[in-house]
Amino acid sequence: MRWACILLPRLALDGVLRRHPDPAAPLALVTGASQRRVLHAVNPAARALGLRPGQSLTAAQALSRDFTIHAYDPRDAERWQRLLAAWAYRYSSQVSLHYPCALLVEIASSLALFGPWPRFEARLREALAALGFTHRINVAPNPAAARVLGNAHDGLAVTSQKALKDVLGALPVERAGLPRDAVEALSRMGLRHLGQVLALPRATLTRRFAPEVIRHLGELLGEWPLALESYLPPDEFDLRLELNFEVSSHQALLFPLRRLIGDLSAFLAGRDSGVQRFTLELEHVKGTPSQVPVGLLGAERDPGLLFELARGRLERTRVGAPVRAVRLVARELPPFAPERRELFEARPQQSQPWEQLRERLRARLGDHAVHGLGTVGDHRPECAWQPAFLASAQVDDTRPRPGWLLARPIPLDAEVAGILAGPERIESGWWDGGDVRRDYYLIETRQGQRAWVYREVGGDGHYWLQGWFG
Amino acid sequence: MSGLEALLDERRIWRGRETNRPPTGCPSGHDALDAALPSGGWPEAAVTEILLAGQGIGELALLWPALARLSQAGERVVLVAPPCLPYPHAWARAGVALERLALIAADERDALWAAEQCLRSGSCGAVLCWPRIADDRALRRLQVAAESGQTLAFVHRPLAALANPSPAALRLVLEQGRIRVLKCRGGLAPSTPIAFARAG
């Protein structure tokens, strides 16, 4: 077992910044009662203005007014942590949310697939940077040590127990994750580094310190097991983005939409599933949220495709009232089967696959606008087809059938020059109320058009036009 | 001979560039037509405009051999807003693989947009459309899309559009029993009509 701990030191702040159009602008998270608001976290640009976490908002505003503030919500950080756990689940089957603002990932069993570790690590870092989260990644033989290494190091990979002991020994006591009173007591005893603490006889430590301290030291060295609760990915995706301002144009909704779809795609890749149907909810200040359902013919998870589709649907709906928040809900997550491709494509310049084109057309023209053509075993021409993509049935019928069929028969008004074939009697449908008894003829008009016409058996002898032999 | 050289050296005579290689064609399946066209068939990656005197005069018999070959080779054939419903049995008997056939229902304005999307995507083998009020700008858009997507495009228009200018690479009139080529890229249009007899 080998554990990587991905520490997310600015989780709440990054969560806000990543949906901000300009992350480089000064921004601060504030918390506390409305009478006395305190800065909770600041981004580097705000730090350059002299703002510090823990400052009161009034003091901060005395320093500068060119920064935006955003309310800090502890549940936000938790939500981002769960989202990242869903993302990390694609790299390992054992992901734990044991520590706040950190992910524990078991990597030994994943190295065969993603390894060696430097390459795996680069991959994790690249993905996290793309998702917009600051991070520190360290590896240790046990989860507690991996977490504690994150307090002082970044990019450290400790593989052996002996090396771990050395690295932990050099760690300052206040960074070791010990309770505050224990740290104070240890530093008063003149112990600066964890190595000095570990060198003491365990019996004397047990007498002086609370059991949690001893337990923590044991966990760090891997002598005590740490019971971790494994992360279980949820069965549905539900993410809500609150907007900083009221939005009433489609254009301004595209940025949060892109983020939502990107997160959905990361989530789907972790579960190895696709999405066939999802709903965008636009929440207004008043009234019920407007719903924008997006449906596809097949399961997909490519963020570009999903964004394009959602954008098409969104642009067709009217945003009545200003929008305060956007929510993306996907409840059905069917398995995703990637399209099989030929190794040597006959058409290398193919820029957009058919599935993507089809969804694009459906997004603009309507859900039923694109369909295939299949045969049905019925003699009546109007019942002999269905809109479906099917493997073609063997047609061994040699009787003449027209290439074009009229949606409904119309009286023939052209002059008949001659009858080329017929009559052919079609009599069917007495069981479903669509009873027909017709004699069909293939005729040619004076203009050289060939038509498929019929006369009702026992009717008035009028020709009805049903198709053209194109 | 030396006089000619001198004239050319003085650059007072403009010398036409060598004509571009005639566009490669996709065999139409009708030998007389293939022989008459400089491309040897339907021009690839270009718009073919077919002017029809009416429905049912062989417009499908003209295209079916090419469509059958494309669809059997696994290419997709897209009909954008056809005037009538394709009767599956007749299309299957003509050799068109029905599972490769796609229909798009759209109104007049969206039909041009849809046809352009299909052509541009490059994932279709042939796109057929029936615009009623298309001007030459719309056709030019289709032509550009067909070029960028390397796709065959067939535009059917009524005979009334004969007088309108057209950017199509091949323009022909289908009449009773014959085809008149009005314009073809890569060579002079044959002056005499080509006999066209449909089977059956």
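Bear in mind the structure is a predicted one, so any value in this text is a computation, not a measurement. Heavy-atom basis, side chains included; hydrogens, waters and symmetry copies ignored. Within every chain, numbering begins at 1; the chains are lettered A, B, ... in the order of the sequence lines, protein sequences first and strands thereafter.
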Q: Under 4.5 Å, counting heavy-atom pairs only, tell me which of B/P86, B/G74, B/P82, B/A102 racks up the most with chain A.
A: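 Most pairs with chain A among the choices: B/P86.
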Q) When you measure from the side chain of A/E424 to the backbone N and O of A/Y440, does any donor-acceptor pair fall under 3.5 Å? A)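 Checking the backbone N and O of A/Y440 against the side chain of A/E424, no donor-acceptor pair under 3.5 Å is found.
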Q.
Quick check for you: to the nearest 0.5 Å, what is the distance between B/L79 atom CG and B/L67 atom CG?
A.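 It is 8.0 Å, given to the nearest 0.5 Å.
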Contact origin within [X] toward chain B - heavy atom pairs under 4.5 Å:
{"X": "A/R446", "result": "backbone"}
{"X": "A/R360", "result": "both"}
{"X": "A/P381", "result": "both"}

Q.
Counting only heavy atoms not in A/R313 (residues, nucleotides, ligands), do more than 12 fall under 6.0 Å from its CZ?
A.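 Yes.
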Q) Got a sec: does the CZ of A/R258 have more than 12 other heavy atoms crowding it under 6.0 Å? A)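 Not buried by this count: 12 neighbours or fewer within 6.0 Å.
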Q: Check B/K183, B/Q143, B/H156, B/R171 against B/E49 for a side-chain hydrogen bond (donor to acceptor under 3.5 Å, both in side chains) and give me the one that passes.
A: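 Between B/E49 and the candidates, side-chain hydrogen bond (donor to acceptor under 3.5 Å, both in side chains) is satisfied uniquely by B/R171.
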Q.
Does A/R380 qualify as a cation-pi partner of A/W431, given the criterion of NZ or CZ under 6.0 Å from the six-membered ring centre and within 45 degrees of its axis?
A.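 Yes, A/R380 sits over the ring of A/W431.
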Q: Against chain A, label B/A53 side chain, backbone, both or neither, depending on which of its atoms sit under 4.5 Å from a heavy atom there.
A: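 Answer is neither: B/A53 stays 4.5 Å or more from chain A.
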(Q) Does any backbone or side-chain atom of B/V80 lie under 4.5 Å from a heavy atom of chain A? Answer side chain, backbone, both or neither. (A)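 Contact with chain A involves no heavy atom of B/V80 at all.
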Top of [options] for chain B proximity - count of heavy-atom pairs under 4.5 angstrom:
{"options": "A/G467, A/A451, A/G372, A/G403", "value": "A/G403"}
{"options": "A/Q447, A/R364, A/R401", "value": "A/R364"}
{"options": "A/W385, A/W468, A/W404", "value": "A/W404"}

Q) Is any NZ, NE, NH1 or NH2 atom of the basic residue among A/R438 and A/E382 found under 4.0 Å from an Asp or Glu carboxylate oxygen of the other? A)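 Answer for the salt bridge query: yes.
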